[in-house]
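Okay, so here's the structure we're looking at.
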Amino acid sequence: MPELPEVETTRRGLAPAMEGKAISRVILNRPDLRFPIQSDFRARLAGRTVERIDRRAKYLLLRLSGGDVLVAHLGMSGSFRIEAARAPLATATLYREIPRLAAHDHVIFEMSEGARIVYNDPRRFGFMFVAADADLEHHPRMRGIGVEPLEPPLEPSTLDRLFEGAGTSLKAALLDQKRIAGLGNIYVCEALHRAGLSPLRRAATLSGGDQFARTARRRLASAICNVLSDAIEAGGSSLKDFSGADGKPGYFQHAFRVYDREGAACPKRGCKGAIERVVQSGRSTFYCRTCQR
DNA sequence: CGCATCCCCTGCCTGC
DNA sequence: TGCAGGCAGGGGATGC
């Protein structure tokens with residue numbers, strides 16, 4: 001589910017529920033997600049105020065008072081939901097209301113004002129950890145992450161540098177988080193179709209000074225920025241069950257031009273081709289061989 | 001070093 | 001209806 005637009009949608013949904021508010025307690029329903037959860041995870045969060053929520057690549061960064069940062073990655077199936085504070089019962093409360101747990105609710109953040117932020121992740125490819133904010137850029141999981149494609153907007157000259165000497169396919173190069181951060185399988189396929197470039201082409205053919213490469217870089221840089229901003233504006237893509245933390249599903253999946261559209265007519269005006277599915281480095285690629293060269 | 005392959009895990013869909 | 005197999009938005013480890 002979550003590529004850059006979905007993570008950004010999640011960030012925007014969580015911000016009003018968490019920023020400026022304190023975490024009173026953290027509940028762990030299992031000792032691990034993708035990786036074991038740090039033994040001091042709960043203690044380092046309790047009582048801290050979430051000062052700001054940022055995004056880097058596909059990571060959410062919750063900056064905490066006291067100099068720590070909570071880093072969360074949603075993997076393939078992770079999502080957050082907000083359960084608003086319940087109104088206090090009018091008369092004496094005879095029981096403590098137990099919130100309903102859904103399957104795969106692994107981590108719950110209780111906020112001081114009563115709201116609960118629930119992390120759900122069926123496949124458990126997601127993970128979280130707490131780190132000192134000052135060391136974050138040296139952290140093994142954060143080190144080496146590539147450029148952010150939107151802020152500032154990706155430049156053709158950056159693509160020139162990133163693809164120089166790359167022996168791999170354009171598709172694989174764009175999926176590589178060490179080059180550009182935040183693209184995943186959907187948005188790479190969509191960006192390449194918008195740019196009219198074949199995912200099978202060698203990435204290095206976009207580097208250098210010849211006319212084709214210069215044009216291709218310009219088209220690709222624009223296509224990447226445009227598809228990501230369009231998707232963010234649509235609240236991301238909801239394939240199965242993704243929804244932003246506010247509970248609203250995204251609707252960018254209706255704007256897919258190639259992803260998961262094998263056999264459909266190519267949507268490009270005037271193109272008579274059809275969308276094909278091929279496998280590259282073990283993952284599906286959708287493209288039109290007629291207009292993507 | 002770069003690249004392909006396999007693997008982690010659960011759920012859903014297809015075909016038999 | 002049940003079951004096996006394939007596939008899924010990510011990315012880390014391994015081996016060539």
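Remember, it's a predicted structure, so these values are computed and weren't measured experimentally. All values below come from the heavy atoms of this structure, side chains included, with hydrogens, waters and symmetry mates left out.
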Whole angstrom is fine here: how far is it from CE in A/Met76 over to P in C/dC7? 13 Å
Restricting to ring pair (Phe, Tyr, Trp, His ring centres under 6.0 Å), what partner residues turn up for A/Tyr287, sequence neighbours left out? none
Where chain A begins and ends its contact with DNA chain B, read 5' to 3' at 4.0 Å from heavy atoms: B/dC3 to B/dG11
What's the CG-P distance between A/Asp121 and C/dA8, to the nearest Å? 18 Å
Which pairs with one or both residues in residues 148-164 of chain A pass salt bridge (Lys or Arg N to Asp or Glu O under 4.0 Å), sequence neighbours excluded? A/Arg55-A/Glu148, A/Arg56-A/Glu148, A/Asp160-A/Arg217
Base-paired stems that DNA chain C participates in, counting runs of 3 or more Watson-Crick or G-U pairs under 3.5 Å: B:2-8 with C:10-16, B:10-16 with C:2-8
Quick one: does A/Ser198's side chain get under 4.5 Å of A/Leu170's, heavy atoms only? no
Any chance the side chains of A/Ser229 and A/Glu233 put a donor and an acceptor closer than 3.5 Å? no
Mind checking ring pair (Phe, Tyr, Trp, His ring centres under 6.0 Å) for A/Tyr251 and listing every partner two or more places apart, or none if nothing turns up? none
As a test of understanding, state which of A/Gln292, A/Lys171, A/Gln280 forms a side chain to side chain contact (heavy atoms under 4.5 Å, CB included) with A/Leu200. A/Gln280
For A/Arg124 and A/Asp32: C-alpha separation, side-chain torsions, deciding distance, then whether side chain to side chain contact (heavy atoms under 4.5 Å, CB included) applies. CA-CA 9 Å; A/Arg124 244 182 300 126; A/Asp32 60 317; 4.2 Å; yes
Name all residues meeting the ring pair (Phe, Tyr, Trp, His ring centres under 6.0 Å) criterion together with A/Tyr119; count only those two or more places apart in sequence or in a different chain, and write none if there are none. A/Phe80
Ignoring hydrogens and geometry beyond distance, is a side-chain donor-acceptor pair present between A/Ser79 and A/Asn120 at under 3.5 Å? no
Using the 3.5 Å cut-off, write out each protein N or O paired with an N or O of nucleotides 4-6 of chain C and the distance between them.
none

Let me have a per-nucleotide readout for nucleotides 11-16 of chain C, 5' to 3', with B, S or -, counting only protein heavy atoms under 4.0 Å. BS----
Determine whether A/Arg116 and A/Asp105 satisfy the following criterion, salt bridge (Lys or Arg N to Asp or Glu O under 4.0 Å), listing intermediate values before the conclusion. CA-CA 12 Å; A/Arg116 302 157 65 94; A/Asp105 281 350; over 6 Å; no
Can you give me every donor-acceptor pair (side chain of residues 126-138 of chain A, partner residue at least two apart or in another chain, under 3.5 Å) with its distance?
residue  : atom : partner : partner atom : Å
A/Asp133 : OD1  : A/Arg63 : NH1          : 2.6
A/Asp133 : OD2  : A/Arg63 : NH1          : 3.4

Could you list all the side-chain hydrogen bond (donor to acceptor under 3.5 Å, both in side chains) pairs where at least one residue sits in residues 253-262 of chain A, not counting sequence neighbours? none
Without decimals, in angstroms, what is the distance between A/Tyr187 OH and C/dA8 C1'? 15 Å
Keeping to residues at least two apart or across chains, list the salt bridge (Lys or Arg N to Asp or Glu O under 4.0 Å) pairs with something in residues 270-293 of chain A. A/Glu276-A/Arg289
Rounding to an integer number of Å, can you tell me how far A/Lys178 NZ sits from C/dG10 C1'? 13 Å
Where along residues 161-171 of chain A does a heavy atom come under 4.0 Å from DNA chain B, residue by residue in number order? A/Ala166, A/Gly167, A/Thr168
A/Glu6/A/Leu74 under side chain to side chain contact (heavy atoms under 4.5 Å, CB included): CA gap, chis, key distance, verdict: CA-CA 10 Å; A/Glu6 290 74 35; A/Leu74 304 178; 5.9 Å; no
In whole Å, what is the span from the CG atom of A/Leu174 to the P atom of C/dG10? 13 Å
